[in-house]
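Residue numbers begin at 1 in each chain, while the letters A, B, ... track the order of the sequences.
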There are 2 protein chains.
Amino acid sequence: MFVEPEQRSSTVSTLGPMRSRSFQVGPDPAGTPPEAVGPRLSVDRIVDVAIDQMRAHGYDAVTMRSIARELGTGPASLYAHVANRDELDQRVVGRVCAQWHIPDPDPERWDTQVRESMIGLLTLFRANPGVARCTLGMVSLDAGLLQVTDRLLALLAAGGVSDQHAAWFIDVGCLYVASVAVEEDIWRERAAPPRPAGEERFAFGVELLVTGLRELAGD
Amino acid sequence: MFVEPEQRSSTVSTLGPMRSRSFQVGPDPAGTPPEAVGPRLSVDRIVDVAIDQMRAHGYDAVTMRSIARELGTGPASLYAHVANRDELDQRVVGRVCAQWHIPDPDPERWDTQVRESMIGLLTLFRANPGVARCTLGMVSLDAGLLQVTDRLLALLAAGGVSDQHAAWFIDVGCLYVASVAVEEDIWRERAAPPRPAGEERFAFGVELLVTGLRELAGD
DNA sequence: ACCTGAACACCGTTCAAGT
DNA sequence: ACCTGAACACCGTTCAAGT
């Protein structure tokens with residue numbers, strides 16, 4: 001399991017160590033700080049590369065060293081931008097989950113909306129193989145989900161779910177989705193065929209949780 | 001994160017490399033093969049040490065090298081008994097889950113028995129910190145649970161749950177229990193106080209799953 | 001068959017030094 | 001402040017050699 005020489009797409013790989021300020025294009029009015037035109041390293045660039053490498057080669061192939069290599073530097077340079085590997089993984093989850101769309105609550109069909117949201121998260125993990133594995137080391141998925149937690153809480157509140165139950169449900173639900181995604185990643189890496197009836201199995205788990213919640217909120 | 005000199009309990013640490021056949025006690029009739037009296041290394045001894053070290057120092061502190069060190073040999077020696085680290089982790093889970101007690105089905109209160117079984121698994125993981133983390137790399141917990149899966153299926157059958165739903169429920173249920181145990185391990189390793197209301201939170205998840213199952217099995 | 005020492009090809013992280 | 005080379009203290013695994 002190693003990272004190949006990388007004939008990956010576009011821009012990133014063409015940015016060698018010789019990139020300099022003189023390549024600047026467009027207006028550069030008086031006070032534009034240097035960072036605005038793209039410093040060699042940044043948290044965003046590091047997270048970008050981490051996600052790209054996970055998608056291309058799987059979670060295990062991504063290391064501080066492989067990221068640094070692609071950015072044309074040594075591993076030590078990354079530590080000016082992220083504290084350690086754990087923080088990097090957390091930021092990767094944050095970046096991906098920021099794309100998670102949760103609808104405005106419709107009290108008539110809040111449970112369907114919850115089901116759809118959980119499927120949406122799985123879809124996101126499937127589009128970014130390896131990222132789900134980053135969540136396993138985290139104490140709680142919530143840390144990477146601050147942005148969307150409020151919208152999820154609103155959805156559940158529309159169904160009459162108490163704040164406490166809602167918080168616990170989000171915990172359990174995200175844990176379930178992430179676990180399924182991690183399993184799928186492992187199968188994919190072993191080049192095993194996707195488990196038959198995988199979709200039904202996932203739907204059943206979602207159904208268990210939502211039905212349980214509807215029932216418990218009813219009384 | 002390193003393994004301390006080990007002032008661990010009883011027998012294991014006193015078995016030095018000088019252990020010899022002459023310590024044999026009891027009858028040794030004609031044909032007893034040498035393995036019967038305890039070879040220096042064996043899968044069981046390796047798994048024993050792995051579990052002991054996880055309990056004492058956490059999952060991350062246990063490596064092929066730390067296990068070999070305690071057994072008075074080098075890491076290469078372990079590979080005569082286990083194929084790799086993944087297989088070792090799987091055997092650790094198998095050993096611990098073999099202690100999982102699942103009651104004979106009582107159709108009157110099958111759902112309570114399911115609840116109690118899930119609490120029983122969490123109790124087992126709590127008694128063996130670090131072991132839950134071994135399950136995360138496994139494709140499915142089932143691999144380490146062959147022994148008890150049949151008894152769980154019987155329990156669910158007594159509640160009128162279909163075989164397919166039962167299999168899926170066991171998957172989801174075990175995944176949930178293991179995830180909660182892993183979270184608790186991480187908190188413990190960070191010396192953080194156990195999350196307040198942790199017990200209630202776990203019970204809520206169990207309740208979601210069992211209520212959902214009862215409802216879905218009802219129709 | 002079982003065990004070993006030594007090596008291979010890696011890790012994450014630190015640190016003094018440079019700009 | 002940001003970046004670097006070199007080093008530290010590890011990993012899992014392999015392999016030729018021993019018994």
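Residue A:Tyr79 has its side chain nearest to C:dG12 when only C:dG12, D:dT13, C:dT4 are considered. Distances were taken from every side-chain heavy atom of B:Arg40 (C-beta onward) to each of C:dC3, D:dT14, C:dT13; the shortest belongs to C:dC3. Side chain of B:Ala76, nearest nucleotide from C:dG5, D:dT13, D:dT4: C:dG5. The listed nucleotides are D:dG12, C:dG12, C:dT4; the one nearest the side chain of B:Thr73 is C:dT4. Distance from the side chain of B:Ser77 is smallest to C:dC3 among C:dC3, D:dG12, C:dT13. Residue A:Arg69 has its side chain nearest to C:dC11 when only C:dT13, C:dA6, C:dC11 are considered.
Taking the centre and axis of the six-membered ring of B:Tyr59, the NZ or CZ atom of B:Arg85 falls inside the cone set by 45° and 6.0 Å.
Residue A:His81 has no polar side-chain atom (N or O) positioned under 4.0 Å from OP1 or OP2 of D:dA1.
Below 30°, between 30° and 60°, or above 60°: for B:Phe202 and B:Tyr176 the angle between ring planes is below 30°, a parallel geometry.
Nucleotide D:dA1 is matched to C:dT19 when pairs are restricted to Watson-Crick or G-U wobble geometry with both distances under 3.5 angstrom. The nucleotide D:dA7 finds its pairing partner in C:dT13, both defining distances of the Watson-Crick or G-U wobble pair being shorter than 3.5 Å.
Residue B:Asp60 contributes atom CG, which lies 13 Å from atom P of C:dG12 at whole-angstrom precision.
Between A:Glu183 and A:Trp187, the side chains place no donor N or O within less than 3.5 Å of an acceptor N or O (distance only, hydrogens not considered).
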